[in-house]
Amino acid sequence: MKLITAIIRPFKIDAVREALTEAGVTGITVTEVKGFGRQKGHTEVYRGAEYVVNFLPKIRLETVVADELVDQVLAAIRHSAGTGKVGDGKLFVCAVEQAVRIRTGETGVDAL
Amino acid sequence: MKLITAIIRPFKIDAVREALTEAGVTGITVTEVKGFGRQKGHTEVYRGAEYVVNFLPKIRLETVVADELVDQVLAAIRHSAGTGKVGDGKLFVCAVEQAVRIRTGETGVDAL
Amino acid sequence: MKLITAIIRPFKIDAVREALTEAGVTGITVTEVKGFGRQKGHTEVYRGAEYVVNFLPKIRLETVVADELVDQVLAAIRHSAGTGKVGDGKLFVCAVEQAVRIRTGETGVDAL
Amino acid sequence: MISRALIAAAFLGVSSTAHAATGEIDTGTTAWLLTATLFVLMMCLPGLALFYGGVVRAKNVLSIFVQMYVSAGVIGVLWVIYGYSLVVDTTGMVEGEYSFNSFVGGLNKALLAGVDPQAAASGVPEGVLIVFLMAFAIITPAIVAGAFAERMKFSASVLFLALWFTFCYAPVAHMVWGGPGALMVNWGALDFAGGTAVHINSGVAGLAACLVLGKRTNYPRIPMPPHNLVLTLTGASMLWVGWFGFNIGSGLAVNGQVGLVMLNTQLGACAGILGWALMETLTRGKPSALGVASGALAGLVGITPACAFVGAGGAIVIGLLTSVACFYAITDLKHRFGYDDTLDVFGLHGVGGIVGAILTGLFAAPSLGGTVEGLDIGRQLLVQTASVVFTIVYCLALSWAILKLIDWAIGLRVVQEDEEEGLDITSHHESAYNA
Amino acid sequence: MISRALIAAAFLGVSSTAHAATGEIDTGTTAWLLTATLFVLMMCLPGLALFYGGVVRAKNVLSIFVQMYVSAGVIGVLWVIYGYSLVVDTTGMVEGEYSFNSFVGGLNKALLAGVDPQAAASGVPEGVLIVFLMAFAIITPAIVAGAFAERMKFSASVLFLALWFTFCYAPVAHMVWGGPGALMVNWGALDFAGGTAVHINSGVAGLAACLVLGKRTNYPRIPMPPHNLVLTLTGASMLWVGWFGFNIGSGLAVNGQVGLVMLNTQLGACAGILGWALMETLTRGKPSALGVASGALAGLVGITPACAFVGAGGAIVIGLLTSVACFYAITDLKHRFGYDDTLDVFGLHGVGGIVGAILTGLFAAPSLGGTVEGLDIGRQLLVQTASVVFTIVYCLALSWAILKLIDWAIGLRVVQEDEEEGLDITSHHESAYNA
Amino acid sequence: MISRALIAAAFLGVSSTAHAATGEIDTGTTAWLLTATLFVLMMCLPGLALFYGGVVRAKNVLSIFVQMYVSAGVIGVLWVIYGYSLVVDTTGMVEGEYSFNSFVGGLNKALLAGVDPQAAASGVPEGVLIVFLMAFAIITPAIVAGAFAERMKFSASVLFLALWFTFCYAPVAHMVWGGPGALMVNWGALDFAGGTAVHINSGVAGLAACLVLGKRTNYPRIPMPPHNLVLTLTGASMLWVGWFGFNIGSGLAVNGQVGLVMLNTQLGACAGILGWALMETLTRGKPSALGVASGALAGLVGITPACAFVGAGGAIVIGLLTSVACFYAITDLKHRFGYDDTLDVFGLHGVGGIVGAILTGLFAAPSLGGTVEGLDIGRQLLVQTASVVFTIVYCLALSWAILKLIDWAIGLRVVQEDEEEGLDITSHHESAYNA
Ligand SMILES: Nc1ncnc2c1ncn2[C@@H]1O[C@H](COP(=O)(O)OP(=O)(O)O)[C@@H](O)[C@H]1O
Ligand SMILES: Nc1ncnc2c1ncn2[C@@H]1O[C@H](COP(=O)(O)OP(=O)(O)O)[C@@H](O)[C@H]1O
Ligand SMILES: Nc1ncnc2c1ncn2[C@@H]1O[C@H](COP(=O)(O)OP(=O)(O)O)[C@@H](O)[C@H]1O
């Protein structure tokens, strides 16, 4: 099993979810995060005090999938999350040694 | 060392923390997340506009533990977080290559 | 590639970002989290009802870097995030098998 | 002795003043009563809704608002259908005598029969009086709603508020403000702006509700801290400001007395803050925001029946003592008895109302700075106690019966899953906050 | 028949009452009009800003506030330069006759020429009247702004609001309230507090704006739920309370009528809540918070033109029907036609204003509980319809022209990236919420 | 020349009007002063608390509210003990002569000795006057609290506010409003509603406080953006609305003048918005929400001393210039001098108060549209400057002394860890927001 972590633009979340569902993914966990990267931030000004805001709102999406699904899932996210502009985000893949479904105690791919 | 990531129901957090403390875990990091899975969402309606909300509030709990603690910890979370109903969540285990305590620079299991 | 996850004090985020930029890191993702550990929490009281708040606000910082950068990055975070007091936080290192830049499809270290 | 009851009576044509006789509008008095009405309406929405809404969890904040809006809608319409008449109709009442109409007004003004909203009564168009009193009839049940927050079915809550308004609020308001021949007026109870009819009444109903309904799931095992105290403090501040409309407006006149009522109301609030802050500092080392806001309101509840009858010193002492009593009730008594009064309706309005009513009997005496000439403290304390006990018993019995009836008919509580998911989504299809 | 137009006329010296003649200040009337002005100002800021701000997404909430502040600043100054004169100057008007000045006032009072803010007009210093009417001139364009929220350039929005105030609001206000010789006064249209000049006017302008401007990017494909309904409900409550200042104050007098206006205003709101809650329960099974707040406002919009002319029963029916009509317009019609009226300006103010104006012609009849003696229902319905149609046509044409002009000159819409990032950061360098 | 001082004097029995003589209540004047008092109270809670609370970080928002509640409680009680007497007691004062009592009132009315809150003074029950003036005494120290927000010990802040009220506010208020024989009345300074006593006084005290206390830890290295600007804008709007109660109420009468005061107050705010928006557009390309709200308040501060003495044109110019001056002080001067005035108390109230006071001396001249007949501009500018300089020096010295005293006795600042964790948890055991 692999954990695929995607950092994407917030307004792309629904499109990505649909693409993933189509690709056979049944579970997703998302987090609101702030990202720093090549995409440039903006300046905020409060009564003359200027703040450069480098951290931009992003969504961090995690899904654990069976090994054979990985390529398909990466492709699905890439296509649904891209705009072609700087700041589209990243995909990271890590190995998952074990998965357990809390409700039933099922383990491995059955738990997903 | 292993990183155990648990996706659980928000109101279970205190029970899980207690179970983990008993199991000898000394550090936990939690994040408010939204989860999509088998558990069905609800519909929200604002002036006639209907939104199906698929992402439900969950807590993502992370703890890095020594290898020998893993089974015990998995069991502790399973028992404290379960309600038996769809949506109880998942446990994922990944390998951690290194850990460092920022304050002291201790590494490995000592850092936990 | 390695994923370095740091749990740090919220007000250290800007210092750490600067240190990382200097160390050659080009992308960072941060999340507001709550941490439970050795650092003791505080008590809140609402109309006589006492709540012990064990979970303290922390920042979870993630950055995926090339293997050769790992030590440097760990050191940079350690030095910029430390105060020497309990609660400074941890660093965890995990292996990343693959990385993809959504915008371009680049993979591996090129994607970072 | 100038009592609100007498003034009310004058208003309703039972006795007559120069103005009432001539039927002329006094523009100043009308201007103030228009304003006072607006402030009392503002006390409920948004004041009370914010005060309550901030303390509940984020998943239930809208349910507070919907209850208040819908119950305002229902009671507003019922008010012109029969409520106003039940409170103010004086048919069948004779000064000092007891009859059925000592307990509740008749239905001669039902559907506003014979009422011309444009006609002057004591210098004010009756339409203004109708809405001013309606505002009291709307906010009092709304206060009760705090006790059963976060777990009552929406349909049950609206049914309860409508029935409670009919069988508890209207009669008690009549007994207190119905003029000569009304129960508590005959007794000679002193209650200027509604310590009995509003605060004890709602506080006791709240107690009944949280007892019948039972605790929130997991209370007190799981912490349920206020989700947004800024809302609560904003609401409390609006309640404080609006309370002047409530207390001063209750005199239904603009005369020298308004100076006394305004000063006492303010001092009650100030002393209430100090009382609570002191108790918190003594027991916990530091005063809290929720504490000082609760203290201000406790002081205001305490001074409500007394505000036209006591001196500045008496107002300060009443504010202080009421606040300390409420502090004790909320931080200690409640936990000891273990009932789950979500928004401390009983602890604040019930206990505060009782303490205020009793202390009014004391500090109204001229020897203690009061303004009620010839007051016999011992006798007055008895009368005040009688009115308190009567209100408690009547309200407890009726509220209990209404709750049991509704429980039997449609059920009071939401199912546990809905409670856990929150009433906003399960009862109203909405979330208050969206990213 | 007592119409606001006549009273306004009295005020403006066209006809004269005892007070106006003697030039004495009536302290009660002045006290009330000062208060009413404060409440109408509060309706706009913070009332309307909160009501609107809570419904938009978190990234655009400040843009609502900036628009309202800046447009208040601009219109406040324009008001003393020429606005007041365009509305109230009666030069060239003759009762029953039609001239250019039936459509818009002259410029004799421009720069407040010859106006002494301290001098009494009908018992009130003219300065108070100037600010009272200014508050109407500020809030009406602000209502329109809800229709183009979340996508209009800031510069374009301010320019639009200023031009719209000049060419739409001022003339229509004059036609309605300009006194004998003004268009709708000549026609005999009944509009007590501004159903035409305020609500239909702003509602129709809102429709024009969202049609010319187009939908928000991704609407309705991506959900755009309200970011904070507590703000919205707080704002709605303040609008409700402030509406009494609006409606009662519109009489520009303190007399028996204020009792009727207050009662009807309150009943309109109450019935509006019930209407919307009922429709939601029938169609969705449960009433919502945003729904009941919208219902209260719909009822208030509906009762605005009618509040001095109908009885309590009529007020309830008008509140109920207007609410049902607005519910249908917003939850059904809008989706069917597919325009993107961000804050439902047309659905609430346009539709509500139209329904209210028509129903006023019906329920003003004494046979239906109304107060307008000798009213011929058929004829009055015609007159009301004429005033509605005229306002719609005039306002639609002018608003469209102004919008097209601005689009041609400087462009109406922000670029898509800015819309996605949010107007707060891109138009104002700020975020509303920071950790 | 009609000055507030004279009216105040009339009120206090120094001179007598028809009303005061007969001791009759004027219902209209009383209605307005009741209302004005409510609005001034609302300015402080929730108005100022929201305005300030939104700008601080989320971890300190409750500390603002607690300070305001507790200081209201303390000052409310001190007010009836000695504050009212220190401000209004005129014993020992002779028109045009200087004595100790030119600087501060006596203690003849301490504990409200000889004061009957129900008795009429100039047509209004004295109890109303007591609370109206109390509201000023509560809000002025509360304004100061903005300067030392986010780092002062709670105990020290309450002690400071109480001492500052006693030794700074009460004397300066007496010098300005004490009537004939009071320092600035003798000088002939024009200050209608409190530019000196309220704004310069609080602004300068704020400067002293942030200088003595030092900067917040990490200021300005770490960004500290406002945590919730919606709160700030809501609070600013309430301040704006309440300001009419403040300015118009200061005349303590309902007469022609209220028309002028209302108009000027509104125009000051409108012009203030335009001034700030213009400056931001020129320097940054876009106006901001915090900016336009600050501009409205700057304009209101500027017009406060002038509002009864200038014409509409003067009001616009004063609002505009004050706003520009405050903009410059806050966005440039502050950063240059490097002091950390958390909520810009000095920049807004200090600078705005000074500019407003000086400009009052100019625009009060009939040749510039003012209402003060026979005014010699040169002489008046001198007098205004003298009153400004005196207030600055007096207030700076006293505030500094009080702060140093408290620092020596109990320490002013919280420890750094507490500052980092936030005052809400460390000083009050609470968090404003809980999930
Ligand atoms: N090396 C990295 N480790 C973790 N997160 C990263 C890394 N690089 C980028 N990110 C995340 O991805 C987001 C987008 O990256 P950015 O460099 O702005 O654009 P792009 O993905 O188009 O190259 C960042 O805001 C950050 O959240
Ligand atoms: N494959 C997965 N990867 C990541 N998170 C998952 C995955 N499957 C489920 N989750 C998380 O677990 C939560 C519960 O899963 P769900 O399928 O609803 O119920 P259950 O755990 O009882 O099978 C989801 O809301 C989601 O946050
Ligand atoms: N084993 C662990 N797994 C995950 N997170 C941890 C672990 N131990 C500590 N943390 C995180 O690090 C934070 C700091 O740890 P703590 O024990 O309080 O202090 P220190 O890092 O100085 O030893 C905690 O609040 C928690 O978020």
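Numbered from 1 within each chain, the chains take letters A, B, ... in sequence-line order.
- Formation of a donor-acceptor pair under 3.5 Å by the F:Tyr69 side chain with backbone atoms of D:Gly291 is not found in this model.
- A perpendicular orientation is assigned to the rings of D:Phe39 and F:Phe39, their planes being inclined by more than 60° (bins at 30° and 60°).
- Only the side chain of F:Leu112 comes within contact range of chain D, with heavy atoms under 4.5 Å apart.
- Interface check for chain D: of the options F:Met134, F:Met68, F:His429, the most heavy-atom pairs under 4.5 Å are formed by F:His429.
- Heavy-atom pairs under 4.5 Å with chain F were tallied for D:Gly319, D:Ala271, D:Ala289, D:Ala31; the largest tally goes to D:Ala289.
- Checked by atom type and distance alone, the side chain of F:Glu430 pairs as donor or acceptor with a backbone atom of D:Leu290 at under 3.5 Å.
- Of the listed residues (F:Gly73, F:Gly127, F:Ser431), the greatest number of heavy-atom pairs within a distance under 4.5 Å of chain D belongs to F:Gly73.
- Side-chain contact between D:Met238 and F:Met238 is present, with at least one heavy-atom pair separated by less than 4.5 Å.
- Per-residue heavy-atom pair counts under 4.5 Å with chain F were compared for D:Gly311, D:Pro287, D:Gly313, and the maximum is reached by D:Pro287.
- Proximity to chain F at a heavy-atom threshold of 4.5 Å picks out nothing from residues 47-57 of chain D.
- Interface remark: of the candidates D:Ala269, D:Ala293, D:Ala296, D:Gly295, D:Ala293 forms the most heavy-atom pairs closer than 4.5 Å to chain F.
- You'll find the side chain of D:Trp240 reaches within 4.5 Å of the side chain of F:Leu45, heavy atoms only.
- A heavy-atom distance below 4.5 Å is found between the side chains of D:Ile316 and F:Val80.
- Between the CG atom of F:Leu38 and the CZ atom of D:Phe244 there is a distance of 6.0 Å, given to the nearest 0.5 Å.
- The candidate with the highest count of non-hydrogen atom pairs below 4.5 Å against chain F, out of D:Ala36, D:Gly242, D:Pro225, is D:Pro225.
- Although no hydrogens or angles enter the test, the distance criterion places a donor-acceptor pair under 3.5 Å between the side chain of D:Lys286 and the main chain of F:Thr426.
- Neither the backbone nor the side chain of F:Val254 comes within contact range of chain D; no heavy atoms are under 4.5 Å apart.
- Proximity to chain D (any heavy atom under 4.5 Å) is shown, for F:Thr35, by both the backbone and the side chain.
- Remark: the backbone N or O of F:Tyr433 is not paired with any side-chain donor or acceptor of D:Asn228 at under 3.5 angstrom.
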